[in-house]
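Note sheet for the following structure.
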Amino acid sequence: MDERPRVLVAEDDRRLAEMLRQLLEADGYVVVLAHDGQRALHLAMSEDFDVLLFDRGLPGREGLDVIEGLRRQGNTVPALILSALGNPADRVEGLTRGAEDYLAKPFDVDELLARLRVLRRKTAEPSGGLPVPGGILHARRHEFVARDGAVTPLSQRENDLLALLARRPGQVFSRQELLDAVFADADDTGVVDAYVHHLRRKLGRGCVHTVRGVGYALGALS
Ligand code: CA
């Protein structure tokens, strides 16, 4: 299997897209290009990526709209927005709407590569999986592997919910945040409680910790 990191580049300026492709390939990435927002959304939903690099002004659907849509669907692949709009208000909007980082055009090539590396380090699933109380979550395979080696398959939603918590150990998520990130098609936070219940039944009570009056966090890692 190809172990190189995969990046989805959404950029409608074809010369810039091609330049980015060469640059990223030289830095060790497998690069997939999209030239409009719809295509970028489709690719990001249907293929596995380690990082997203999106232009903001895209035909079809604006880059930030696509990122926002992905987050609502529970997609947590880290995203860097490239934009001609570089004032503080635009940056804040980008970060608020689901991008992890924001770089104004024209950009410095080395800075772009460095920021992508940082993003991947911060949020990428370590090849050994994500630590969860009692074992390891292999989010890409939708499997929990207990310390004794027992493998428990997880449903898509169980996997997405646990992966979201496990990528930010110690962070408390409100039920609404979890609803928005993982269950975009539902509007009742009761579904979050139901899935926490499923996870606890499958993986043990300690896998998810209830923070009374606030929400949920990953259980304490031993
Ligand atoms: Ca553009």
Side-chain angles (χ1 to χ4, degrees), residues 2-125 139-140 156 160 163-164 167-168 177 179-185:
D2 195 339
E3 292 295 329
R4 287 178 297 166
R6 287 169 53 82
V7 57
L8 174 61
V9 176
E11 172 58 70
D12 60 315
D13 176 337
R14 299 209 175 213
R15 276 182 51 197
L16 179 56
E18 205 40 56
M19 189 206 93
L20 287 168
R21 181 214 288 280
Q22 287 172 18
L23 187 69
L24 291 162
E25 283 180 351
D27 205 41
Y29 290 85
V30 173
V31 179
V32 177
L33 290 182
H35 298 299
D36 65 70
Q38 291 296 353
R39 179 85 185 138
L41 180 65
H42 172 75
L43 285 166
M45 290 304 294
S46 55
E47 295 187 18
D48 249 345
F49 292 99
D50 296 284
V51 66
L52 309 174
L53 175 59
F54 280 20
D55 178 30
R56 185 160 176 188
L58 289 172
R61 204 164 162 183
E62 209 236 53
L64 263 183
D65 283 345
V66 177
I67 301 284
E68 204 170 41
L70 287 170
R71 299 303 182 239
R72 276 201 302 269
Q73 301 290 321
N75 182 307
T76 56
V77 177
L80 189 153
I81 288 278
L82 276 179
S83 175
L85 309 171
N87 68 51
D90 293 310
R91 287 170 190 269
V92 168
E93 190 191 0
L95 299 174
T96 306
R97 290 177 61 192
E100 275 68 25
D101 201 359
Y102 198 100
L103 193 57
K105 292 178 181 175
F107 56 88
D108 178 83
V109 162
D110 290 326
E111 183 179 5
L112 173 66
L113 294 176
R115 283 179 183 235
L116 288 177
R117 274 194 289 271
V118 169
L119 270 190
R120 283 174 40 220
R121 238 192 346 255
K122 248 195 247 176
T123 36
E125 178 180 346
R140 288 194 173 190
Q156 176 82 47
D160 291 349
L164 184 65
R167 286 194 179 102
R168 303 269 198 283
E177 284 170 335
L179 182 75
D180 293 343
V182 181
F183 306 94
D185 48 343

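In listed order, ligands and their atoms are each counted from 1.
In this structure D27 satisfies the side-chain hydrogen bond (donor to acceptor under 3.5 Å, both in side chains) test together with R117, sequence neighbours excluded. For E18, the side-chain hydrogen bond (donor to acceptor under 3.5 Å, both in side chains) test picks out R21, with sequence neighbours left out. Scored by the side-chain hydrogen bond (donor to acceptor under 3.5 Å, both in side chains) test, E25 finds no partners at all (sequence neighbours excluded).
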D180 vs R71, salt bridge (Lys or Arg N to Asp or Glu O under 4.0 Å): CA-CA, chis, key distance, verdict: CA-CA 8 Å; D180 293 343; R71 299 303 182 239; over 6 Å; no
Verdict with reasoning, E100 to R120, per salt bridge (Lys or Arg N to Asp or Glu O under 4.0 Å): CA-CA 11 Å; E100 275 68 25; R120 283 174 40 220; over 6 Å; no
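Listing protein N, O or S atoms at distances below 3.0 Å from the Ca ion (ligand 1), with waters left out, gives D12 OD1, D55 OD2, G57 O.
A cation-pi contact, defined as under 6.0 Å to the ring centre and within 45° of the axis, links R6 to F49.
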